[in-house]
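The chain is numbered in sequence order, starting from 1.
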Amino acid sequence: MSSLTHSLLTTTIFLILTIFLHPSNAQLSSTFYSTTCPNVSSIVRSVIQQALQSDTRIAASLTRLHFHDCFVNGCDGSLLLDQGGNITLSEKNAVPNNNSARGFNVVDNIKTSLENSCPGVVSCADILALAAEASVSLGGGPSWTVLLGRRDGLIANQSGANTSIPAPTESLANVTAKFAAVGLNITDLVALSGAHTFGRAQCRFFNQRLFNFSGTGNPDPTLNSSYLATLQQNCPQNGSGNTLNNLDPSSPDTFDNNYFQNLLNNQGLLQTDQELFSTSGSATISIVNTFANNQTAFFQAFAQSMINMGNISPLTGSQGEIRSDYVHNRLHNQLTTTCEQ
C-alpha cells in the first residue's frame, strides 16, 4: 500500500469515527419530511393563518414558545408537556411561562391536522420550529428554510426553565451569559430580541421600571418621559399586573425593525430591551444601530439566529419519541391529537 493510499484511508476512517462519535446538528435537514409529509410547512402555515383571524397576538406567542422550548433541554418540545404521569413538574408552570406562555391550543390544532395527513410522523418539537417561521413570515418578517428532524423529549425540566430562560428584569451581562450557555452570541441576542417587534407583555414584567427602579424611588432613567407617562397610566402602582401592553407601540402586530428604532428613542418596553442600547460601552449598541437603520440586515440576521437557536441540542435518530397522544375533545365530541401529554 502506497503512503498516499494509506494516508487517505487513515483520513477516511478518522472522518467516519468523528461523525459517529460526535454526531452534529447536521442530522437536521430541510428535506427531512419530503417523502413522509411533503405538505408539512403548508399545513402548519394554514392553521396559523386561521388562528390569526381571531387572535392577532398568536404569531408572537408561537414564536416565543419555540424560544422558551429551545433554551431548556434544547429544542425537544418539553415545554408543551402537561403535569401528570411521569411529568411531576411541567415547564408550563415555571415562572417564565406560568400565566404567560400561550398558543398551546394552536400547536395541538397543528398536530391534529398533521396527524390527519401524515400520522405519527411530525414531532411536536419540529411543529414549534415550523410555527415560529410561519408566524414571523405571516407577520411581515423574513422567511427561512427550517431544518427538521427533531424528536420529542420524554421529560420536562421546570427548574431549568426557571434558571435558563432570560428574565425581563435581568442585566445585559446575565442575559448574554444565558445565550452563551446555549451557544448563541451577541448578534444572536440582539437579533432574537427583535422578536419583540410584535406581541404583548403584561405590566408585571416591567412595572419595576415605572416607579421604583432598583430601589431608587424613581423610574428607570432610560425610559422616554412621554412613554413613561403612558405606561404609568396603563400600569398604575397598585393596578393589575396582568394588563397587556404592546411590545412595539408603533406597529404592534407587524414584524419589522421598528423595535430597534424604539430603542434609539428610549422606548424599549422591557428592561432587557432597552439595556441593548443603553448599557454604556456594550457591543450590542452598534448592532442595534445597524438593525434600526437597515431592516434587511435585521431580517437576514434574525433568520440565521433562528436557525442557530433551532439547532440547540436536538434529539435525533432514535432518541426521544414522536409524540402523538389522542384526547377526547368534549366540545366537539371527537378525538384530537395533543403535544401536551
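Distance alone, capped at 3.5 Å, is enough to place a donor-acceptor pair between the Thr230 side chain and the Ser226 backbone. Looking at Asp273, its side chain does come within 3.5 Å of a backbone N or O of Leu270 through a donor-acceptor pair. The closest donor-acceptor contact from the side chain of Thr163 to the backbone of Ser159 lies under 3.5 Å. Here the side chain of Asp152 pairs a donor or acceptor atom with the backbone of Ala125 at under 3.5 angstrom. One N or O on the side chain of Gln261 and one on the backbone of Ala292 form a donor-acceptor pair closer than 3.5 Å. Judged by distance alone, with hydrogens and angles left aside, the side-chain atoms of Gln295 form a donor-acceptor pair with the main-chain N or O of Asn257 at under 3.5 Å. Side-chain atoms of Ser305 come within 3.5 Å of backbone atoms of Ala301 as a donor-acceptor pair (strictly under, hydrogens ignored). Asp188 contributes a side-chain N or O that, together with a main-chain N or O of Asn185, makes up a donor-acceptor pair within less than 3.5 Å. Listed for the Asn98 side chain is no donor-acceptor partner under 3.5 Å among the backbone atoms of Ala94. With Thr279 contributing its side chain and Glu275 its backbone, the two residues share a donor-acceptor pair below 3.5 Å.
Under the 4.5 Å side-chain heavy-atom criterion for grouping Ile, Leu, Val, Met, Phe, Trp and Tyr, Ile58 is connected to Phe104 within one hydrophobic cluster. Transitive grouping of hydrophobic side chains (ILVMFWY, heavy atoms separated by less than 4.5 Å) brings Ile186 and Met306 into a common cluster. A continuous path of hydrophobic side-chain contacts links Ile312 to Leu79 [ILVMFWY only; heavy atoms under 4.5 Å]. Taking hydrophobic clusters as Ile, Leu, Val, Met, Phe, Trp and Tyr residues chained together by side-chain heavy-atom distances below 4.5 Å, Phe291 shares a cluster with Trp144. Cluster membership for Leu172 and Leu247, using ILVMFWY side-chain heavy atoms within less than 4.5 angstrom, is not shared.
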Hey, mind stepping through Leu189 and Ile287 against side-chain contact (heavy atoms from CB on, under 4.5 Å) and telling me if it holds?
CA-CA 10 Å; Leu189 164 56; Ile287 305 172; over 6 Å; no
Given side-chain contact (heavy atoms from CB on, under 4.5 Å), test Leu264 with Val288 step by step and report yes or no.
CA-CA 8 Å; Leu264 302 190; Val288 170; 4.0 Å; yes
What do the steps show when you test Phe302 against Val136 for side-chain contact (heavy atoms from CB on, under 4.5 Å), and what is the final call?
CA-CA 10 Å; Phe302 184 84; Val136 169; 3.9 Å; yes
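For the 3.5 Å distance criterion, the side chains of Ser251 and Asn258 qualify, holding a donor opposite an acceptor. A donor-acceptor pair shorter than 3.5 Å cannot be found between the side chains of Asn174 and Thr176. Between Asn308 and Gln304, the side chains place a donor N or O and an acceptor N or O closer than 3.5 Å (distance only, hydrogens not considered). Inspection of the Ser30 and Thr145 side chains reveals no N or O donor paired with an N or O acceptor under 3.5 Å. There is a side-chain donor-acceptor pair under 3.5 Å between Thr197 and Asp256. There is no side-chain donor-acceptor pair under 3.5 Å between Asn93 and Gln158. For the 3.5 Å distance criterion, the side chains of Gln271 and Thr169 fail to qualify, holding no donor opposite an acceptor. Looking only at atom types and distance, the side chain of Asp108 has a donor-acceptor partner in the side chain of Thr338 under 3.5 Å away. Asn157 and Asn73 form a side-chain donor-acceptor contact under 3.5 Å, judged by distance and modelled atom types alone. Side-chain contact, Thr216 with Asn218: no donor N or O sits under 3.5 Å from an acceptor N or O.
In Asn116, the CG atom is crowded: over 12 heavy atoms of neighbouring residues, nucleotides or ligands sit closer than 6.0 Å. Surrounding CD1 of Ile155 are at most 12 heavy atoms belonging to other residues, nucleotides or ligands under 6.0 Å away. Atom CD of Gln319 has more than 12 neighbouring heavy atoms from other residues, nucleotides or ligands inside a 6.0 Å radius.
Taking 4.5 Å as the limit, some side-chain heavy atom of Pro96 sits within range of a side-chain heavy atom of Asn162. Considering only heavy atoms from C-beta on, Ser193 stays 4.5 Å or farther from Thr272 through its side chain. With contacts defined as side-chain heavy-atom distances shorter than 4.5 Å, the pair Leu192/Leu184 qualifies. Looking at heavy atoms from C-beta onward, Val121 lies out of side-chain contact with Leu114 at the 4.5 angstrom threshold. Proximity of Leu228 to Asn224: side-chain heavy atoms (C-beta onward) are nowhere separated by under 4.5 Å. For the pair Leu263/Gln274, a side-chain contact is recorded, criterion being any heavy-atom separation below 4.5 Å from C-beta on. Between Ser100 and Arg204 there is a side-chain heavy-atom pair separated by less than 4.5 Å. The shortest side-chain heavy-atom distance between Asn311 and Leu28 falls under the 4.5 Å cut-off.
When every heavy atom of Leu269 is checked against every heavy atom of Ala201, the shortest pair comes out as CD2-CB, 3.8 Å. Minimum heavy-atom separation, Gly310 to His66: CA-NE2, 4.0 Å. Heavy-atom minimum distance, Leu81 versus Gly153: CD1-O, 4.0 Å. Between Asp76 and Ser78, the closest heavy-atom pair is OD1-OG, 2.8 Å. Summarising the geometry of Leu154 relative to Ile87, their closest heavy-atom pair is O-CD1, 3.6 Å, with the distance given to 0.1 Å. Considering every non-hydrogen atom in both Ser90 and Ala156, the closest pair reads CA-CB, 4.2 Å.
Annotation: ring-ring contact (aromatic ring centres under 6.0 Å, His included) contacts involving residues 41-65, sequence neighbours excluded, are absent. Sorted by first and then second residue, the pairs that involve residues 233-306 and meet disulfide (SG to SG under 2.5 Å), not counting sequence neighbours, are Cys203-Cys235. Applying the ring-ring contact (aromatic ring centres under 6.0 Å, His included) definition to pairs two or more places apart or across chains, those involving residues 180-236 are Phe198-Phe255.
Here Asp69 does not pair with Arg64 in a salt bridge; the nearest charged N to carboxylate O distance is not below 4.0 Å. Ionic pairing of Asp248 and Arg200 is not present here: no N-O contact between side-chain nitrogen and carboxylate oxygen is shorter than 4.0 angstrom. Salt-bridge check for Glu170 with Lys178: passed, with a basic side-chain N closer than 4.0 Å to an acidic carboxylate O.
With rounding to the nearest 0.5 angstrom, the OG atom of Ser41 is 7.0 Å from the CD atom of Glu133. Put simply, CG on Asn39 and OH on Tyr33 are 14.0 Å apart, with the number rounded to the nearest 0.5 Å. In this structure, Glu340 CD and Leu80 CG are separated by 6.5 Å, a value rounded to the nearest 0.5 Å.
In this structure, the ring pair (Phe, Tyr, Trp, His ring centres under 6.0 Å) partners of Phe179, at least two apart in sequence or on a different chain, are Phe71. Arg151 meets the salt bridge (Lys or Arg N to Asp or Glu O under 4.0 Å) test with no other residue; sequence neighbours excluded. Under the rule for a ring pair (Phe, Tyr, Trp, His ring centres under 6.0 Å), Tyr259 has no partner lying at least two apart in sequence or in another chain.
Paired with Asp126 under the rule salt bridge (charged side-chain N to carboxylate O under 4.0 Å, His left out), one option of Arg323, Arg150, Lys111 passes, and it is Arg150.
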